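Working notes, structure below.
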Amino acid sequence: MTKTTNPQTMSGLNACRIAITGTPGCGKTSLTDFAANHSQKIDWNLNIQTVKELAKKFGHLGDVDENDGAQPIDVDALAEDLRREWTQSPNSIILVDGHLSHHLPVDAIVIIRCHPDTLRIRMGGRDYHESKIEENVEWELIGSAWNDSHEWSDIPILELDSTASTTESLFAQIESWMRDGFKPKAPDQRIDWIAVLHGE
């Protein structure tokens, strides 16, 4: 369900759509839940949406896969529909939660990263199938889609490490980035878990 807060002002922040993306288990939903609960304290007009909600709304959510319980999303078709739907600026700050959210026509992208060893532990606590855990850990290790972020050169990108950070700290970094006009527009140095693991 979409979560919305309705304060009268936005403390100087402009309405926009921000993708909160990252490998499953990195902390996206914890972050957006914190944002929804905290926004009233700082006078934000905030709306949280999920990629799954949007896909269901526009008819791009597939049937449940019996093997892993997932529902496939036609993200290309969803993005096309949203480009037509989102021709006007929103009336609030919208955080779009989901590991496919960076494919949607958003104004900025926040990538939540997590050390693969920590991610494995987190996912293990959620009763994921072992093959699914290893798939996501490998996805995070090699950087996957984040290595292609140069293709998003016209969209501001913030990359955050959730491994040892609280959701409050992550939210504070996002808020600061937004208040500074989404600067820097891209990370000076990307997170490279392979280099970290090799001690480079």
Side-chain angles (χ1 to χ4, degrees), residues 1-6 15-37 39 45-114 119-120 122-140 142-149 151-152 155 157-160 162 167 170 174:
M1 180 177 293
T2 300
K3 295 164 283 189
T4 308
T5 59
N6 297 295
C16 59
R17 299 179 179 93
I18 303 175
I20 307 295
T21 189
T23 307
C26 282
K28 300 180 299 298
T29 300
S30 295
L31 175 62
T32 55
D33 284 346
F34 178 88
N37 293 328
S39 60
N45 184 6
L46 179 69
N47 184 297
I48 309 292
Q49 297 180 335
T50 70
V51 174
K52 185 175 180 179
E53 288 172 346
L54 291 168
K56 183 176 181 179
K57 174 182 176 181
F58 287 92
H60 300 306
L61 185 63
D63 296 329
V64 175
D65 188 321
E66 294 181 1
N67 294 320
D68 60 11
Q71 289 181 271
I73 292 173
D74 188 339
V75 71
D76 292 331
L78 177 59
E80 275 302 309
D81 280 345
L82 290 177
R83 285 189 188 95
R84 289 189 287 270
E85 178 86 359
W86 289 353
T87 55
Q88 303 295 323
S89 296
N91 296 320
S92 65
I93 296 170
I94 298 176
L95 302 184
V96 185
D97 174 9
H99 72 278
L100 298 174
S101 59
H102 58 282
H103 292 293
L104 304 181
V106 294
D107 302 302
I109 297 171
V110 175
I111 305 170
I112 308 298
R113 306 294 304 276
C114 180
L119 182 62
R120 182 179 284 109
R122 288 182 184 178
M123 297 194 74
R126 299 183 183 184
D127 296 325
Y128 278 83
H129 191 278
E130 186 62 31
S131 61
K132 191 67 174 178
I133 293 174
E134 291 308 313
E135 177 185 330
N136 282 299
V137 168
E138 181 178 354
W139 172 278
E140 177 64 18
I142 63 177
S144 303
W146 324 137
N147 292 328
D148 299 325
S149 61
E151 298 177 3
W152 316 327
I155 302 176
I157 299 170
L158 178 66
E159 187 177 50
L160 299 175
S162 72
T167 51
L170 295 173
I174 294 171

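Note that this is a predicted model, so its numbers are computed, not measured.
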Query raised in the report: Okay, side chain of Q49, backbone of I94: is any donor-acceptor separation there less than 3.5 Å?
Result: no
Report summary line: Between L170 and S162, the two heavy atoms sitting closest are CD1-CB, 3.8 Å
Report summary line: Those residues at least two apart in sequence (or on a different chain) that pass side-chain contact (heavy atoms from CB on, under 4.5 Å) with K56 are L61
Query - Student check: side-chain heavy atoms of N47 and N91 closer than 4.5 Å - result: no
Query raised in the report: Any sub-3.5 Å donor-acceptor pair from K28's side-chain atoms to I112's backbone N or O?
Result: no
Report task. Would you check if I111 and H102 make a side-chain contact, meaning some heavy-atom pair closer than 4.5 Å? Result -> no
Report task. Using only heavy-atom distances, determine whether the side chains of N136 and T23 contain a donor-acceptor pair under 3.5 Å. Result -> no
Query raised in the report: Can you name the salt bridge (charged side-chain N to carboxylate O under 4.0 Å, His left out) partners of K57, sequence neighbours left out?
Result: E85
Query - Minimum-distance pair of heavy atoms, taken over all atoms of H60 and D81 - result: NE2-OD2, 2.6 Å
Requested in this report: Check whether any side-chain N or O of Q71 sits under 3.5 Å from a backbone N or O of D63 as a donor-acceptor pair, and report yes or no.
Outcome: no
Report summary line: In this structure, CG of L160 is separated from CZ of R113 (nearest 0.5 Å) by 11.0 Å
Query raised in the report: Can you name the nearest heavy-atom pair linking C26 to C114, along with the distance?
Result: SG-CB, 3.5 Å
Query raised in the report: Partners of P72 by side-chain contact (heavy atoms from CB on, under 4.5 Å), sequence neighbours excluded?
Result: none
Query - Matching residue for L95 among I174, V110, T50, L46 - test: side chain to side chain contact (heavy atoms under 4.5 Å, CB included) - result: L46
Report task. Identify, with sequence neighbours excluded, every residue that meets salt bridge (charged side-chain N to carboxylate O under 4.0 Å, His left out) alongside R120. Result -> D117, E134
Query - Check: R17 side chain, P105 main-chain N or O, donor-acceptor pair, under 3.5 Å - result: no
Report summary line: For M123 and P24, the nearest pair of non-hydrogen atoms, with its separation, is SD-O, 3.6 Å
Query raised in the report: Atom CD of E135 and atom NE2 of H129: how far apart are they, to the nearest 0.5 Å?
Result: 11.5 Å
Query - Value rounded to 0.5 Å, distance of CG in L104 from CG in L82 - result: 5.5 Å
Report task. Tell me, with the steps shown, if V96 and V51 meet side chain to side chain contact (heavy atoms under 4.5 Å, CB included). Result -> CA-CA 7 Å; V96 185; V51 174; 4.1 Å; yes
Report summary line: Sorted by chain and number, sequence neighbours left out, salt bridge (charged side-chain N to carboxylate O under 4.0 Å, His left out) with D107 holds for none
Report summary line: Applying side-chain contact (heavy atoms from CB on, under 4.5 Å) to R126 and not counting sequence neighbours gives Y128
Query raised in the report: So how far is it from I155 CD1 to I18 CD1, rounded to the nearest 0.5 Å?
Result: 12.0 Å
Report task. Calculate, to the nearest 0.5 Å, the distance between atoms CG and CG belonging to L78 and L100 respectively. Result -> 9.0 Å
Query - Interatomic spacing from CG in D97 to OG1 in T29 - rounded to 0.5 Å - result: 3.5 Å
